[in-house]
Amino acid sequence: MTDWEPKIVAFLCNWCSYGAADLAGVGRMEYPSNIRVVRIPCTGRMDPKFFMAALREGADGVWVSG
Amino acid sequence: MEHMGIEPGRLQFSWVSSAESTKFVQVVTEVTQAIKELGPNKTLVKSIPEVA
Amino acid sequence: MLGYIDKIKEVSKRLLEEGQVEMVIGFRKGTLSMMNEPHFARTPAEVQNFVWDSNCGINLCNYLTNRTEKIGILAKGCDSRNIVTHIIENKIKRDQIVIIGVPCKGMIDRRKMSSLFEGEIDDVIEDEHNITVKGAGFEKILNKKDVLQQNCAVCIHRNPVIYDERVADLVDEQTDIDRYADVREIEALSAQEKAAYFEKLLEPCIRCYACRNACPLCYCPTCFTDESRPQWVGKGQDTTDVSTFHFLRAYHCAGRCTDCGACERSCPVGINMRVFTKKLEKDCLELFGWEAGLDPDVRPPLDTYKPGDPDDFIK
């Protein structure tokens, strides 16, 4: 499995990292395409059940960023 | 989570301001790299029985 | 601990007669040995059914959630801490309850007892230190210390932390005990070993939710397990779903669990799910110096922000 690429679910805060992701897009910066972004209204919305669900449905990693 | 048998690093936390696109790119790269090294997740994945 | 009962009856009777409370929650003899059941005395006459011995392990605080009447309640150390948690979480008002503090010396683990004998136990008679167990063809005297529930054996809050009436002098608190030996044992395992350990531990779980129902903290009107849109956790006995249920339930108890042992006690298949809650309890103590339910005026760590909160896990 040399060509295996991980699937990472990213929970990004609307006001912080999501903004950063947007800015990265505007600035045409390159970054790995393994992340699948879920926008949350605030990192305070994060709940253990979110990442448990993500892992259960087959994610290889979870990244929470405020 | 680590206590529950998920490898350390499978779940990552970070703090990036909305103006820090460079840091965002850097963290994405780091996270991806860390998880690549861990390999596919095997714990807590629900296996759905195949239906013929 | 056995001598408490007269005082318990006396206090409860007085509270009911004076009209200070509308009911007193305590214990009465269960239909099976070692299984005392909750008793709700609403008249002074019903007080006669109260009992108190080493089989009163159920956490009575569970019956206080969202009650509106005036209630008298018997409270061991752990019950009283859960009452404090209830007050903090606005599930009951302080002026609504009269807490009858019962200093506790630990409750008997009925599963440990039954495992010691071949046949069924018919009768259990206890005195201050020993227990005489009678069954078909056997009779044995055991030391009470040897058959305590594990959480009682490592308990450091035997005396109620909050009370209006007290039925006896406070007992000596245990010091010098290693409370988290079992947690450390698991912490030392590798990720794979942990996963395997928990899978084995949870294998017999039948998802009856007895642990959830016995727990005074589990009062959500709709539990996440019953939510169907979105469905966070499957309802079957799939290993992933079973562990998701137990992990998430433990997370919900973080910073609130008092290690009363009601969950483990109620489990029909004898799973020690306290290994999860205890780890979180240990973390709370180490990271925030917090023990649940000691003071109704202090907000719990997951409820407040302090600039000094540990944040090593954030990059």
Side-chain angles (χ1 to χ4, degrees), chain A, chain B:
Chain A
M1 281 246 296
T2 42
D3 54 351
W4 172 78
E5 287 286 332
K7 269 197 217 98
I8 302 169
V9 178
F11 292 94
L12 305 184
C13 161
N14 184 25
W15 309 105
C16 308
S17 302
Y18 196 84
D22 190 28
L23 192 63
V26 171
R28 299 185 176 245
M29 303 170 104
E30 275 189 33
Y31 56 85
S33 56
N34 304 79
I35 62 164
R36 310 289 190 273
V37 178
V38 178
R39 178 169 67 158
I40 49 177
C42 167
T43 323
R45 179 67 184 92
M46 199 54 209
D47 191 304
K49 60 190 169 195
F50 293 173
F51 58 73
M52 297 283 287
L55 292 174
R56 188 183 45 185
E57 302 297 335
D60 297 302
V62 176
W63 171 38
V64 183
S65 188
Chain B
M1 275 315 273
E2 286 161 20
H3 189 67
M4 315 267 175
I6 307 278
E7 298 97 325
R10 190 73 79 191
L11 176 65
Q12 304 241 2
F13 293 88
S14 68
W15 186 76
V16 182
S17 145
S18 65
E20 299 175 311
S21 56
T22 357
K23 184 174 172 191
F24 176 80
V25 171
Q26 183 203 334
V27 175
V28 178
T29 321
E30 275 173 29
V31 169
T32 314
Q33 194 52 42
I35 289 167
K36 254 186 194 164
E37 278 163 23
L38 282 171
N41 180 30
K42 293 200 182 64
T43 11
L44 277 185
V45 185
K46 186 164 184 174
S47 50
I48 295 142
E50 296 218 2
V51 183

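We name chains A, B, ... by the order of the sequence lines, and we start the count at 1 in each one. What's counted below: heavy atoms across the whole structure, side chains too, no hydrogens, waters or symmetry copies.
Rounded to the nearest 0.5 Å, atoms CG (Leu55(A)) and CG (Leu11(B)) are 7.5 Å apart. For the atom pair CD1 (Ile8(A)) and CD (Gln12(B)), the distance works out to 8.0 Å, reported to the nearest 0.5 Å.
Proximity to chain B (any heavy atom under 4.5 Å) is restricted, for Ala59(A), to the backbone atoms N, CA, C and O. Contacts between Trp15(A) and chain B at a heavy-atom distance below 4.5 Å involve the backbone alone (N, CA, C, O).
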Handout entry: Residue pair Tyr31(A), Thr32(B): steps toward the side chain to side chain contact (heavy atoms under 4.5 Å, CB included) verdict
Key = CA-CA 10 Å; Tyr31(A) 56 85; Thr32(B) 314; over 6 Å; no

Problem - Test log, rule side chain to side chain contact (heavy atoms under 4.5 Å, CB included), inputs Trp63(A) and Val27(B) - result: CA-CA 10 Å; Trp63(A) 171 38; Val27(B) 175; 3.3 Å; yes

Practice task
Verify side chain to side chain contact (heavy atoms under 4.5 Å, CB included) between Phe24(B) and Leu23(A), making sure each step is shown before the conclusion.
Solution key: CA-CA 9 Å; Phe24(B) 176 80; Leu23(A) 192 63; over 6 Å; no

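Counting non-hydrogen atoms of neighbouring residues, nucleotides and ligands closer than 6.0 angstrom, the CZ atom of Arg36(A) exceeds 12 such neighbours. Within a 6.0 Å sphere centred on NZ of Lys7(A), other residues, nucleotides and ligands contribute 12 heavy atoms or fewer.
Considering every non-hydrogen atom in both Val25(B) and Glu30(A), the closest pair reads CG1-O, 3.3 Å. Annotation for Ala20(A) and Ser21(B): closest pair O-CB, 3.7 Å, computed over non-hydrogen atoms.
Here the side chains of Val16(B) and Cys16(A) are not in contact, with every heavy-atom distance at 4.5 Å or above.
Chosen from Ala24(A), Ala21(A), Pro48(A), Ala54(A), the residue pairing most often with chain B at heavy-atom distances under 4.5 Å is Ala21(A).
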